[in-house]
Amino acid sequence: MPVEEFVAGWISGALGLVLGHPFDTVKVRLQTQTTYQGIIDCMVKTYRHESLLGFFKGMSFPIASIAVVNSVLFGVYSNTLLALTTTSHQERWAQPPSYTHVFIAGCTGGFVQAYCLAPFDLIKVRLQNQTEPRARPGSPPPRYRGPVHCAVSICREDGPWGLFRGAWALTLRDTPTLGIYFVTYEWLCRQSTPDRQNPGAATVLVAGGFAGIASWAVATPLDVIKSRMQMGGLKHRVYRGVLDCMVSSARQEGLGVFFRGLTINSARAFPVNAVTFLTYEYLLSSWG
Ligand SMILES: CN(C)C(=N)NCCC[C@H](N)C(=O)O
């Protein structure tokens, strides 16, 4: 099993993550809290209350963990495609796989990565939702002192399975959307590249960026549900399951709730995925 894809997925995921984290914090807050009027209001309040550091809350943890999960996504995707088509990454532009194979490999990567991602994503969301300013004298201490304390507290309160709160919603979000992600990327690259040639850097950047936007646009309704289920049991209400969360969110806040965070998700998705794909392709071709 080729392992370069896993390493390239990890490095490219880490670079994308740093670039996208401030957008991600605003998105998580908009989806789970009702105190903000919109993106700008959330940004201004975060900055006033917590300074620039507020946007980077919980970032060291995703770099060490979620970037590794990106390596699972790209590694499983590439190896599934290899099993389906017997063409390695180096031969893939000269002998392009069918879109059905790309979709199946993307869904497989999405399914496997969802279970690896679940505990790390839960901790990230819980930390990003702590709006207390850092170490201001007299202010109440935040509920979680950091990622390890957060993981230990969740295990203590809900048992080890508590770390998988929201995992089912995450799987439903990631399995089909990662199929869409890789199909969009492949399709855009092939549209703008002469037959059987490798795409240039600009093509990879644009195709990666739009693949991110397309997949996040489809993923946003389940992303809202996932974030709400992950926050369940804190100040937020507990849902009986994905369907209960969907129905009660729609009843209380209207259908618009499913598109909360769509604009910020898309604004974040372009640069993050442009850089992720460019780094991934660059690393694989230079190791090639
Ligand atoms: C719609 N979904 C779930 C995705 N496209 N996932 C792939 C993630 C790629 C990148 N790290 C990101 O966070 O955008």
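Just so it is clear, the model here is predicted, and its values are computed rather than measured. All ligand and atom numbering here is 1-based and tracks the order in the structure.
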I'd like to know whether ligand 1 has D174 as a neighbour, heavy-atom separation below 4.0 Å. yes
I want to know if ligand 1 touches [X] in the polar sense, i.e. an N/O pair below 3.5 angstrom.
X: T276; value: no
X: R268; value: yes
X: R173; value: no

For [atom], closest protein heavy-atom neighbour:
atom: atom 9 (C) of ligand 1; value: N273 OD1, 3.1 Å
atom: atom 11 (N) of ligand 1; value: N70 OD1, 3.9 Å
atom: atom 6 (N) of ligand 1; value: L178 CD2, 3.5 Å

Ligand 1 atoms in contact with A219 (distance to a heavy atom under 4.0 Å):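 Counting atoms of ligand 1 from 1, those under 4.0 Å from A219 are 1 (C).
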Give a yes or no on whether [X] atom [atom1] has more than 12 heavy-atom contacts from other residues, nucleotides or ligands under 6.0 Å away.
X: Y115; atom1: OH; answer: yes
X: F111; atom1: CZ; answer: no
X: F210; atom1: CZ; answer: no
X: M59; atom1: CE; answer: yes

Quick one: are the ring centres of Y282 and F277 less than 6.0 Å apart? no
Checking R190 against Y99: charged group under 6.0 Å from the ring centre and within 45 degrees of the axis? yes
Below 4.5 Å, heavy atoms only, C-beta onward: do R126 and R143 meet side chain to side chain? no
At under 4.0 Å between heavy atoms, is it the side chain or the backbone of S215 that contacts ligand 1, or both, or neither? both
